[in-house]
Amino acid sequence: MALHPRHVVRHAMIAALAGSTRAGASVESARVRPFAERNLPSISVDTPSETIDRDSIDGGPRILTRTIEVTVDCFVRISDGLADELDAFALEVEQAIDVELAKGHEMLGGGIEDLIYTGSETTRTNDGTVEIGVIRITYEVTYRRGAPAEYAEHDDLERVHTRYNLGGVQAPADESADEIVVGG
Amino acid sequence: MGFRAHMSIVDRAAGHVLGETVQYTPSGGETISVAGVFDRSATVAQLQDPGVTTARPMLFVRADQLPGDPDVDDPRIVAGGVSYRLAEPARLDGAGGVMLILHEVV
């Protein structure tokens with residue numbers, strides 16, 4: 001069964017991050033259960049939304065330009081200096097993703113047009129056995145996909161024949177006729 | 001007997017029954033033993049999704065057992081073999097009790 005591009009992108013991001021940051025192998029896909037504090041630092045990668053470029057609706061066959069929002073939530077615990085720890089964690093994530101970017105068209109397993117860092121947001125709390133914080137790093141991944149995904153194969157357009165009848169009352173012999181050759 | 005006096009009696013009784021001895025060391029001072037009620041209740045820190053399960057260490061002591069103001073002393077407290085420091089300013093209950101919210105010293 002084919003996988004949705006969101007699935008492919010999410011797991012490609014996980015593969016790019018696993019072992020490349022202080023979270024080690026603790027990089028999970030769209031985790032729902034809370035992390036245990038003792039298991040931090042950890043990362044949860046999610047793809048919460050996807051949008052299309054409205055300008056890509058026109059044209060045929062219709063090829064939509066789609067953008068997936070990818071969130072990388074980096075959780076950490078520390079006795080002191082939480083802001084510095086989160087910034088260092090974020091730098092490791094960005095450097096790991098830079099390695100993917102350097103792969104060009106092969107990044108995230110291929111089929112991706114662009115991968116852009118769009119921002120980050122930090123949340124911290126005192127409500128733990130130590131200070132706990134998370135920095136959410138957000139990326140946008142753009143790809144193109146047919147709508148429907150696969151078109152049946154058609155012959156190339158080579159020749160257009162037109163006839164025009166003024167008011168629909170002209171005799172066929174009096175109609176305007178044109179032969180337009182498209183192909184070479 | 002007023003409410004505060006009753007609270008004081010209850011606090012001392014609770015300390016005897018539920019309390020344990022912890023080590024309290026003011027910054028630059030001598031370590032003393034203090035009887036207090038130590039708790040480490042589980043909680044979930046709601047940080048983005050999915051959050052983090054953690055615990056909230058806290059110690060209730062009688063203020064008259066302490067050598068000074070905890071907010072000034074910046075104490076290290078050892079309970080159950082784990083070292084803690086204050087996570088936030090001490091909470092006075094107005095009846096002679098002090099709740100200390102703690103963080104582990106990692």
Side-chain angles (χ1 to χ4, degrees), chain A residues 10 14 22-23 26-49 69-86 89-90 93 119-139, chain B residues 20 22-28 31 34 36-61 69-93 98-106:
Chain A
R10 193 168 57 248
I14 290 169
R22 65 196 59 206
S26 184
V27 185
E28 301 201 21
S29 172
R31 182 168 170 121
V32 175
R33 288 178 297 116
F35 285 108
E37 187 193 304
R38 64 182 176 279
N39 293 333
L40 303 185
S42 294
I43 294 175
S44 175
V45 178
D46 202 356
T47 46
S49 69
E69 179 193 21
V70 181
T71 57
V72 180
D73 291 332
C74 309
F75 292 84
V76 70
R77 70 187 293 268
I78 193 167
S79 183
D80 204 6
L82 184 57
D84 292 345
E85 183 77 3
L86 287 168
F89 201 166
V93 168
S120 68
E121 179 184 6
T122 300
T123 310
R124 297 184 285 261
T125 184
N126 204 34
D127 293 339
T129 64
V130 291
E131 295 176 359
I132 304 170
V134 58
I135 185 162
R136 166 168 288 184
I137 304 168
T138 308
Y139 289 91
Chain B
E20 60 186 281
V22 302
Q23 307 304 310
Y24 183 102
T25 309
S27 178
T31 298
V34 175
V37 179
F38 181 78
D39 184 46
R40 193 182 160 95
S41 56
T43 185
V44 176
Q46 295 294 347
L47 290 160
Q48 300 288 4
D49 289 326
V52 177
T53 58
T54 180
R56 193 77 167 129
M58 53 186 74
L59 177 69
F60 179 82
V61 294
D69 182 348
D71 293 335
V72 176
D73 287 346
D74 187 25
R76 288 293 181 269
I77 296 166
V78 178
V82 178
S83 184
Y84 298 91
R85 62 179 173 83
L86 295 191
E88 57 186 68
R91 300 179 186 178
L92 308 179
D93 70 359
V98 183
M99 180 67 81
L100 303 177
I101 309 298
L102 305 175
H103 269 172
E104 289 182 15
V105 178
V106 178

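Proteins get letters first, then strands, A, B, ... in listed order; numbering begins at 1 in each.
The contact between Val130(A) and chain B is made by backbone and side chain atoms together, counting heavy-atom distances below 4.5 Å. Using a 4.5 Å cut-off between heavy atoms, Leu47(B) touches chain A through backbone and side chain atoms alike. Looking at Arg124(A), only its backbone comes within 4.5 Å of chain B, counting heavy atoms on both sides. For Asp73(A), the part lying under 4.5 angstrom from a heavy atom of chain B is the side chain only. Using a 4.5 Å cut-off between heavy atoms, Ile78(A) does not touch chain B at all. Of the two parts of Arg33(A), only the backbone, made up of N, CA, C and O, holds a non-hydrogen atom closer than 4.5 Å to a non-hydrogen atom of chain B.
Between Thr53(B) and Ala36(A), the shortest heavy-atom distance links the atoms OG1-CA, 3.2 Å. Among all heavy-atom pairs drawn from Gly128(A) and His103(B), the shortest one is O-CD2, 3.0 Å.
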- Task: Evaluate the side chain to side chain contact (heavy atoms under 4.5 Å, CB included) criterion for residues Glu104(B) and Arg77(A): first the C-alpha distance (whole Å), next the side-chain angles of each, then the deciding distance (0.1 Å), finally the verdict.
- Result: CA-CA 11 Å; Glu104(B) 289 182 15; Arg77(A) 70 187 293 268; 3.8 Å; yes

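Remark: Asn126(A) CG to Arg56(B) CZ distance equals 5.5 Å, nearest 0.5 Å.
Between the side chain of Thr129(A) and the backbone N or O of Ala55(B), no donor-acceptor pair lies under 3.5 Å.
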